[in-house]
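Just passing along the structure, written as structure tokens.
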Amino acid sequence: MNIAQWLQARALLTPDAPALFSGSELKADYRQFAAQASGLAESLQRDYGIQQGDRIALYMPNRIELLVLMYAVWWAGAVVVPINYKLHAKEAAWIAENAQASLLFSDQGQSMSEVGMPEGCMELGVDTSTVRAMLECKKMLIAPAALAPHTLAWLFYTSGTTGRPKGVMLTHDNLVAMSLCYTVDVDNVSIDDAILYAAPMSHGAGLYNFVFVRLGARHVVPESRGFDSVEILDLGKRLGGLSMFAAPTMVKRLISVAKAAGSDGEGIKSIVCGGAPMYAADFVEALDVFGPKFMQIYGQGESPMTITAMRREIIADRAHPQWHKRLASVGIPQACIEVRIVNDTLCDVPTGTHGEVLVRGITVMQGYWRNSEATQDTLVDGWLRTGDIGFLDEAGFLTLTDRSKDVIISGGSNIYPREVEEVLLRHPHVFEAAVVGSPHADWGEEVVAFVVASSGAQLDGAVLEAWCKAEMASFKKPKRYLFCPELPKNSYGKVLKTVLREKAREPV
Ligand code: AMP
């Protein structure tokens with residue numbers, strides 16, 4: 001299977017259907033989209049000697065050409081190495097070198113001029129006349145390469161919060177399975193829909209393109225090439241039927257801008273939240289402003305977008321007796337996934353007990369690129385060790401409590417920061433909160449809460465101490481509250497707890 005066949009089939013079925021938009025401007029229909037991808041694939045093979053299995057890195061902010069490039073690479077039977085454009089050129093060069101990439105595409109073709117290209121790798125700029133000419137093709141020149149089962153498609157480097165990033169190997173079959181799960185477990189898609197790429201396309205947002213290609217929907221990259229709440233609200237009104245993937249921090253920003261503008265998200269059909277904890281209080285606020293437009297997914301690079309999901313009808317079902325608990329969960333395992341919760345010795349624990357989340361299924365990676373040691377540590381007896389801690393309830397809903405390394409052990413008791421954060425966020429004057437452990441002479445670790453107050457609100461430690469006292473067991477309560485204007489986050493919107501742990505250790 002070559003996933004580029006989905007684009008070929010769609011272009012044959014509805015060639016005139018609008019496909020690629022920059023902002024609200026139509027740039028290509030499906031005939032042109034497929035023609036450009038196949039034409040580029042042909043020149044990659046002819047002019048640059050690209051062969052099946054070669055790696056091609058893509059390092060640029062979101063733009064519509066990124067989709068054409070991805071499909072061109074697959075059309076030629078090669079492998080996409082997506083690189084987050086926010087990474088430093090040195091980090092990008094390290095990834096291109098580790099992946100042994102032959103080509104690296106960037107905007108101008110000069111992103112590596114300061115740091116130098118890895119040996120054997122050449123940089124090409126999408127905005128140069130060379131590549132523009134390659135994109136000019138008017139009809140499909142060649143068919144997508146015929147590929148053997150389990151051929152590598154997407155070599156994605158993990159964000160590497162611990163040590164060097166690792167290259168996650170995903171095959172065309174993994175991507176097909178992931179995409180089919182979307183329609184079964186997340187949302188329905190039709191030709192009238194549009195997918196908006198406001199989050200980085202080098203990550204999950206980009207991987208959501210397939211099902212929208214398969215069904216002939218529109219693909220929209222905002223003119224800002226990133227996340228801008230005002231622009232998104234405007235695009236919703238202009239284009240209608242918008243679906244998007246958004247990290248919880250983006251959802252929060254979008255909702256607060258919409259609320260201030262009196263908007264109910266007209267033209268926005270679906271927002272799939274994931275990538276970091278979406279707190280129950282934030283869901284309630286989002287539902288109040290936008291109505292039932294939200295889904296949640298839990299995944300990781302190693303099983304992208306597909307561990308669990310929670311559909312809109314569950315998120316919006318306020319009458320359900322378990323509604324609040326379910327809002328704080330990440331939903332049920334997706335169709336192609338099995339989930340187990342295990343203890344330190346990898347034995348199953350009873351329902352309701354915290355443990356590490358293990359995952360098995362046809363979306364799970366083949367292993368890490370040229371890193372058999374890490375592969376052996378992570379894929380154990382066919383199960384992916386996620387490093388996330390959580391528990392399952394009677395109905396199969398998974399609640400994530402934390403990354404295993406974020407769990408706090410104080411006085412011998414496990415404290416799951418997520419539980420404390422959920423309580424803090426229910427306070428009407430708390431905008432954001434993150435809880436970490438900090439070394440303590442008597443207790444081993446103490447609980448420290450970093451809090452961002454809602455704008456204009458007066459908050460102090462005593463108020464939050466009283467709030468937590470009324471809501472949770474005493475040993476879980478933060479011992480210190482540190483107020484800050486914002487929380488440090490990485491480019492995917494994940495709170496950087498390592499940075500907070502360091503801050504918590506600073507002398508007061
Ligand atoms: P990445 O591989 O960069 O996509 O990061 C995956 C990690 O993000 C997971 O292992 C979780 O720790 C976290 N994550 C992803 N989705 C969610 C979610 N819906 N709720 C809480 N954490 C999440």
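Computed over heavy atoms, backbone and side chain alike; hydrogens, waters and symmetry mates excluded. Ligands are counted one by one from 1 in listed order, and the atoms in each one are counted from 1 as well.
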Inset, instruction - Give a yes or no on whether a salt bridge exists between R426 and E422, defined as a side-chain N under 4.0 angstrom from a carboxylate O. - result: no

Legend entry - Polar side chain donor-acceptor pair, Y368 to E373, under 3.5 angstrom: no

Legend entry - T158 contact mode with ligand 1 (heavy-atom cut-off under 4.0 Å): neither

Inset, instruction - Return yes when I297 approaches ligand 1 closer than 4.0 angstrom through a heavy atom, no otherwise. - result: yes

Legend entry - Contact atoms of ligand 1, heavy-atom distance to R403 under 4.0 Å: 10 (O), 12 (O)

Legend entry - With R340 via salt bridge (charged side-chain N to carboxylate O under 4.0 Å, His left out) - residues at least two apart: D348

Legend entry - Polar contact flag, side-chain donor to acceptor under 3.5 angstrom, Y157-N98: yes

Inset, instruction - Identify the residue among R214, K269, R218 that makes a salt bridge (charged side-chain N to carboxylate O under 4.0 Å, His left out) with D193. - result: K269

Inset, instruction - Return the option from D388, V272, V168 holding the heavy atom at the smallest distance from atom 10 (O) of ligand 1. - result: D388

Legend entry - I83 side chain near L104 side chain, heavy-atom distance below 4.5 Å: yes

Inset, instruction - Select the closest option to atom 6 (C) of ligand 1 among Q296, Q300, M305, judged by heavy-atom distance. - result: Q300

Inset, instruction - Flag K494 as yes when one of its N or O atoms lies below 3.5 Å from any N or O atom of ligand 1, and as no otherwise. - result: yes

Inset, instruction - For ligand 1, find out whether one of its N or O atoms is nearer than 3.5 Å to an N or O atom of H203. - result: yes

Inset, instruction - Please step through side chain to side chain contact (heavy atoms under 4.5 Å, CB included) for the pair E123 and Y59, ending with a clear verdict. - result: CA-CA 10 Å; E123 182 170 0; Y59 178 47; 5.8 Å; no

Legend entry - Shortest heavy-atom approach to atom 15 (C) of ligand 1 - which of G299, G301, G204, A309: G299

Inset, instruction - Report, in ascending order of atom number, the atoms of ligand 1 lying under 4.0 Å from any heavy atom of V330. - result: 18 (C), 19 (N), 20 (N)

Inset, instruction - Give yes if a backbone or side-chain nitrogen or oxygen of G275 is under 3.5 Å from a nitrogen or oxygen of ligand 1, and no if not. - result: yes

Inset, instruction - Using a strict cut-off of less than 4.0 Å between a Lys/Arg side-chain nitrogen and an Asp/Glu carboxylate oxygen, indicate whether K252 and E432 qualify as a salt bridge. - result: no

Inset, instruction - For ligand 1, note which part of A276 has a heavy atom under 4.0 Å away: side chain, backbone, both or neither. - result: backbone

